[in-house]
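Data block below; observations after.
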Amino acid sequence: EKLDEGLEKTRSSFFGKIDRMVRGKDEVDDEVLDELEEVLVTSDVGVKTTLDIIENVEARVQSDQYVSTKELNRIIRDEIATLMLDDSKERPADFDADLPNKPHVIMVVGVNGVGKTTTIGKMAHRYKQAGKDVVLGAADTFRAAAIEQLDVWAERAGVPIIKQKHGADPAAVAFDSVEAARSRGSDVVIVDTAGRLHTKGGLMDELSKIKRVMGRKVTGAPHEVLLVLDASTGQNAIRQAEEFTESAGVTGLVLTKLDGTAKGGVVIGVSHQFQVPVKYIGVGEGIDDLQVFDRKGFVEGMFK
Ligand code: GDP
């Protein structure tokens with residue numbers, strides 16, 4: 001399984017560190033807890049989430065009087081599973097689940113290079129495979145290459161794309177995409193957006209404008225705002241999540257490049273710290289390399 005292989009580096013780095021840490025010790029004491037804090041932070045779990053985990057493990061050690069280092073793995077796993085956002089009340093992320101709106105409007109945001117276009121292509125493919133009619137919108141008009149790339153993915157997935165010339169008004173493209181989806185009777189429209197971070201204020205204003213325009217066309221649109229983060233960038237992903245969740249009304253996260261990174265711990269940090277569910281994970285560059293995120297499976301995969 002791809003995720004399993006993908007998590008191998010995270011797993012071995014994480015457990016390698018914990019194993020070295022408890023070597024020659026029987027009991028979880030303050031020293032072990034200090035070291036555990038260090039291991040979690042350097043495993044890209046994030047400072048806030050690490051402190052919460054440590055606090056819970058500490059409480060556990062105190063109430064149980066004696067906790068052996070052998071039990072530590074299981075305790076950490078339990079704590080992580082509890083901390084990660086419970087997404088059972090969310091709309092099911094499975095591609096064949098019923099969509100609550102028609103068209104269901106999904107806006108995809110994130111900085112350049114994280115895998116936004118690739119993720120949109122993979123999602124289009126999966127929705128189509130599930131029998132849904134999909135339209136893509138190329139509202140990242142800032143880079144000519146972005147439109148071309150999305151075009152390639154539209155072709156691969158076999159779905160129509162609404163686009164305008166490089167430099168066109170992104171909100172106009174978003175409007176046209178939603179309009180096209182409505183008149184075609186499509187089920188889903190997935191809109192790509194620009195991701196240049198150097199003009200942060202400008203970008204957030206642009207995203208708000210795109211949202212407003214789509215909302216005028218279809219009630220409640222966009223119904224989902226997915227933030228794509230590159231897991232292999234570790235703490236950068238956490239910083240980006242901070243900026244986008246503050247100003248872009250993010251409803252779900254996509255963590256890409258979980259294949260072959262040792263920074264998989266970031267998945268735990270982002271979902272806990274921002275209280276936004278992880279919906280999908282990217283485990284490769286191919287069209288089938290997108291998985292619906294399964295919290296339980298992920299935690300188990302990390303602790304195998
Ligand atoms: P965008 O600028 O955010 O639209 O990023 P792209 O979709 O163009 O992706 C940037 C690079 O990351 C490309 O080379 C993709 O093939 C690669 N990529 C995207 N998702 C994944 C993933 O899950 N795993 C791996 N290994 N590469 C990915």
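Counting starts at 1 for both ligands and their atoms, in listed order. Since the structure is predicted, the reported quantities are computational estimates derived from the model, not experimental observations.
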| query | Does ligand 1 have a heavy atom under 4.0 Å from the side chain of Val283, from its backbone, from both, or from neither? | reply | backbone
| request: Give a yes or no on whether a salt bridge exists between Lys25 and Glu35, defined as a side-chain N under 4.0 angstrom from a carboxylate O. | output: yes
| task | Side-chain contact test, heavy atoms from C-beta onward, threshold under 4.5 Å: evaluate it for Ile238 versus Gln235 and give yes or no. | result | yes
| query | Looking at Asp78 and Arg74, does any basic side-chain N land under 4.0 Å from a carboxylate oxygen? | reply | yes
| field | Residue portion contacting ligand 1 (non-hydrogen atoms closer than 4.0 Å) for Asp259 | value | side chain
| said: Return the closest protein heavy atom for atom 8 (O) of ligand 1 as residue, atom name and distance. | reply: Gln149 OE1, 3.1 Å
| query | Which protein heavy atom lies closest to atom 5 (O) of ligand 1, and at what distance to 0.1 Å? | reply | Gly115 N, 3.1 Å
| query | Should Thr119 be counted as touching ligand 1, given the test is an N or O pair under 3.5 Å? | reply | no
| query | Thr261 side chain to Lys263 main-chain N or O, any donor-acceptor pair under 3.5 Å? | reply | yes
| Hey, are Arg239 and Glu242 close enough for a salt bridge, meaning a charged N less than 4.0 Å from a carboxylate O? | no
| Does Asp289 come within less than 4.0 angstrom of ligand 1, counting non-hydrogen atoms of the residue? | no
| message | Any salt bridge linking Lys122 with Asp288? Criterion: basic side-chain nitrogen under 4.0 Å from a carboxylate oxygen. | response | no
| field | Lys217 side chain vs Asp176 backbone, donor-acceptor pair below 3.5 Å | value | no
| Which residue supplies the protein heavy atom nearest to atom 7 (O) of ligand 1, what is that atom called, and how far is it? | Thr118 OG1, 2.6 Å
| query | So is there a nitrogen or oxygen of Gly284 less than 3.5 Å from a nitrogen or oxygen in ligand 1? | reply | yes
| request: Identify, for atom 16 (O) of ligand 1, the protein heavy atom at the shortest distance, and state residue, atom and that distance. | output: Glu285 OE2, 2.5 Å
| query | Any idea which atoms of ligand 1 are less than 4.0 Å away from a heavy-atom of Arg143? | reply | 2 (O)
| field | N-O pairing of Lys48 and Asp52 below 4.0 Å | value | yes
| query | Can you tell me the protein heavy atom closest to atom 10 (C) of ligand 1 and the distance? | reply | Gly113 O, 3.7 Å
| field | Ile190 vs Tyr127, side-chain contact (heavy atoms from CB on, under 4.5 Å): CA-CA, chis, key distance, verdict | value | CA-CA 11 Å; Ile190 311 175; Tyr127 272 125; 4.2 Å; yes
| query | In terms of residue, atom name and distance, what is the protein heavy atom nearest to atom 18 (N) of ligand 1? | reply | Lys257 CE, 3.8 Å
| remark: for atom 3 (O) of ligand 1, nearest protein heavy atom and its distance come out as Lys116 N, 2.7 Å
| note | One finds that the ligand 1 atoms under 4.0 Å from a non-hydrogen atom of Gly282 are 23 (O)
| task | Ignoring angles and geometry beyond distance, decide whether Asn112 reaches within less than 3.5 Å of ligand 1 through its nitrogen or oxygen atoms. | result | no
| task | Determine whether the side chain, the backbone, both or neither of Gln291 has a heavy atom under 4.0 Å from any heavy atom of ligand 1. | result | neither
| field | Sidechain-backbone polar pair: Lys211 side chain, Pro222 backbone, donor-acceptor under 3.5 Å | value | no
| field | Check: Phe274 ring centroid to Phe244 ring centroid under 6.0 Å | value | no
| Nearest protein heavy atom with distance in Å, relative to atom 4 (O) of ligand 1 | Thr117 OG1, 2.4 Å
| Is the closest heavy atom of Gly110 to ligand 1 under 4.0 Å? | no
